[in-house]
Amino acid sequence: MPKRKRQISSAKRTALRQSERQETTKRENNLEKQTTETQQFFLLKSEPESRLEKGVDVRFSIQDLQNEPDQSATWDGVRNYQARNILKSMRKDDLAFFYHSNCKEPGIVGIVRIIKEAFPDPTQFEPKSPYYDPKSSKDNPTWYAVQVKLEEVWERKVTLQELKKYDDLSDMDLFKRSRLSVQKILEHQWKFILDLLQKNKQL
DNA sequence: GCCAACGTTGGC
DNA sequence: GCCAACGTTGGC
C-alpha cells in the first residue's frame, strides 16, 4: 500500500472528511431504505405525440425526458385530485413506469425514479401555462408536482394490448380507472411486468 | 376523428 | 347532497 503524503492542507483534510461523511450518510440512507421503508411503485402517463393545449404543445415523451438536462424533469400538470393524492404519497427513490398514452400504440416505455417528493406545481401559478389554475393560491396551493429522473429507456415497449392479456395484471388501474394519469402499481404487478419485458427480449 | 367512460360543475 | 349537463381522457 502506498504511503499517504504527509503534507496535506487542512482545507483538503476538511474536504476529505466531508466527502467521507457524505458517503457514509449515503450508505446509511440506502440501508435505511432497504430495511425500514418499503419501496413503492407507480405508473405515470405522458403523451408522446404533439398536441396543442391553449396554444402550447403538451407533448412529453420518454425521449423528451432523455433530452432534458440531467435527464430529469418536474412532473407537473396533474389536475385531478385522485392523481394528485397519489403523487403526494410518492417518496424519494420510489420507481415509476413511464407510460405513453393517447398515441398510436399506448404502452410502458421505461422507468423513472422519484428524486424529489411533492412540492407545489409551479405551472398552476403561470397564466400562460395550459395548467394555470386561477383559483389556486401560493398560500394554499391546490396542485403538486414531483421531480423525476430517467432510470431506464426500454428497447421494447410493453404495450397496453399485451398487458391486457394477463390475469396477474387484471387489477391494474390502467384497465379499471383508465383515465387516471398517476397510478399505484402493486409489487407483484411491477415484477410481473419486468418479467414480461425480459421474456420479450428473448423472443 | 369518434365516442365511451368518467370526473367536475353548478342549479336546485 | 343529488344529479343532469358538460368537459376531458384516451383507446380504438
Side-chain angles (χ1 to χ4, degrees), chain A residues 40-66 68 73-90 94-112 114 118 120-146 148 150 152-186 189-190 192-194 196-197 199-200:
Chain A
Q40 304 182 98
F41 304 103
F42 299 90
L43 179 144
L44 293 167
K45 291 185 189 174
S46 193
E47 299 187 34
E49 291 174 5
S50 286
R51 188 171 64 81
L52 293 185
E53 206 165 296
K54 293 190 197 163
V56 179
D57 193 352
V58 294
R59 184 196 81 207
F60 193 74
S61 67
I62 199 161
Q63 286 74 28
D64 291 324
L65 177 58
Q66 210 165 11
E68 289 289 320
T74 300
W75 205 268
D76 55 23
V78 172
R79 293 295 178 272
N80 167 286
Y81 288 100
Q82 218 178 333
R84 178 202 66 183
N85 293 342
I86 297 169
L87 265 190
K88 279 181 156 183
S89 77
M90 292 178 172
D94 284 345
L95 298 173
F97 288 136
F98 195 114
Y99 180 90
H100 278 174
S101 71
N102 206 9
C103 57
K104 275 233 180 76
E105 200 183 33
I108 302 170
V109 291
I111 295 177
V112 295
I114 310 307
D121 179 346
T123 63
Q124 69 196 304
F125 307 120
E126 297 166 7
K128 280 174 288 178
S129 168
Y131 308 120
Y132 177 55
D133 183 355
K135 284 174 286 181
S136 184
S137 70
K138 292 200 175 178
D139 287 349
N140 187 18
T142 310
W143 306 113
Y144 285 78
V146 294
V148 304
L150 187 61
E152 294 177 13
V153 182
W154 294 349
E155 288 189 23
R156 168 190 281 273
K157 169 164 23 184
V158 176
T159 64
L160 175 65
Q161 200 185 22
E162 187 180 358
L163 294 169
K164 278 180 175 172
K165 289 181 188 168
Y166 301 98
D167 278 349
D168 295 70
L169 302 177
S170 60
D171 285 341
M172 284 181 73
D173 284 336
L174 209 49
F175 318 123
K176 297 199 300 179
R177 297 143 148 195
S178 60
R179 297 182 46 183
L180 198 58
S181 68
V182 180
Q183 305 182 355
K184 185 89 197 279
I185 299 281
L186 302 178
Q189 297 167 337
W190 181 269
F192 189 91
I193 291 168
L194 291 183
L196 260 186
L197 179 70
K199 277 179 204 152
N200 281 345

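So you know, we letter chains A, B, ... as the sequences are listed, proteins then strands, and number each from 1. All values derive from a computational prediction rather than experimental measurement.
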With sequence neighbours left out, write down each residue that passes salt bridge (charged side-chain N to carboxylate O under 4.0 Å, His left out) with D133(A), or none if nothing qualifies.
none
Salt bridge (charged side-chain N to carboxylate O under 4.0 Å, His left out) partners of E53(A), counting only residues at least two apart:
R51(A)
Just checking K104(A): base, sugar-phosphate only, or nothing, at a heavy-atom cut-off of under 4.0 Å?
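If one applies the 4.0 Å heavy-atom cut-off, K104(A) turns out to touch nothing in the nucleic acid.
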Would you mind classifying the nucleic acid contact of Y99(A) as base, sugar-phosphate or nothing, using non-hydrogen atoms under 4.0 angstrom?
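It contacts sugar-phosphate atoms only.
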Quick one: [X] [atom1] to [N] [atom2], roughly how many Å, whole number?
X       : N       : atom1 : atom2 : answer
Q82(A)  : dT8(C)  : CD    : P     : 19 Å
L163(A) : dC12(C) : CG    : P     : 11 Å
K54(A)  : dG7(C)  : NZ    : P     : 14 Å
R79(A)  : dG7(B)  : CZ    : C1'   : 16 Å

Considering only nitrogen or oxygen atoms on both sides, find all protein atoms under 3.5 Å from nucleotides 1-5 of chain B and state each distance.
residue : atom : partner : partner atom : Å
dA5(B)  : N3   : R179(A) : NH1          : 3.3

Please identify each residue that fulfils side-chain hydrogen bond (donor to acceptor under 3.5 Å, both in side chains) with E152(A), with sequence neighbours left out.
W154(A)
May I have the list of side-chain donor-acceptor pairs in residues 78-88 of chain A shorter than 3.5 Å, sequence neighbours left out?
residue : atom : partner : partner atom : Å
R79(A)  : NE   : Y131(A) : O            : 3.0
R79(A)  : NH1  : D121(A) : OD2          : 3.0
R79(A)  : NH2  : D121(A) : OD2          : 3.3
R79(A)  : NH2  : T123(A) : OG1          : 3.0
R79(A)  : NH2  : Y131(A) : O            : 2.9
N80(A)  : OD1  : Q82(A)  : N            : 2.9
N80(A)  : OD1  : A83(A)  : N            : 2.9
R84(A)  : NH1  : T142(A) : O            : 3.0
N85(A)  : ND2  : Y81(A)  : O            : 3.4

Less than 4.0 angstrom between a side-chain N/O of K164(A) and OP1 or OP2 of dC12(C), yes or no?
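For dC12(C), OP1 or OP2 has a side-chain N or O of K164(A) closer than 4.0 Å.
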What pairs of donor and acceptor atoms, side-chain ones from residues 164-175 of chain A against any protein atom, are under 3.5 angstrom apart with sequence neighbours left out?
residue : atom : partner : partner atom : Å
S170(A) : OG   : D167(A) : O            : 2.8

Collect all protein-nucleotide pairs involving nucleotides 9-11 of chain B in which both atoms are nitrogen or oxygen and the distance is under 3.5 Å.
none

Please tabulate, for side-chain N and O atoms in residues 97-110 of chain A, each donor-acceptor pair with protein atoms closer than 3.5 Å (sequence neighbours left out).
residue : atom : partner : partner atom : Å
H100(A) : NE2  : I62(A)  : N            : 3.1
N102(A) : ND2  : E47(A)  : OE1          : 3.3

Close side-chain approach of I114(A) and L95(A), heavy atoms under 4.5 Å:
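No; the side chains remain at least 4.5 Å from each other.
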If you measure from NZ on K184(A) to CZ on F41(A), what distance do you get to the nearest 0.5 Å?
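That separation rounds to 9.5 Å.
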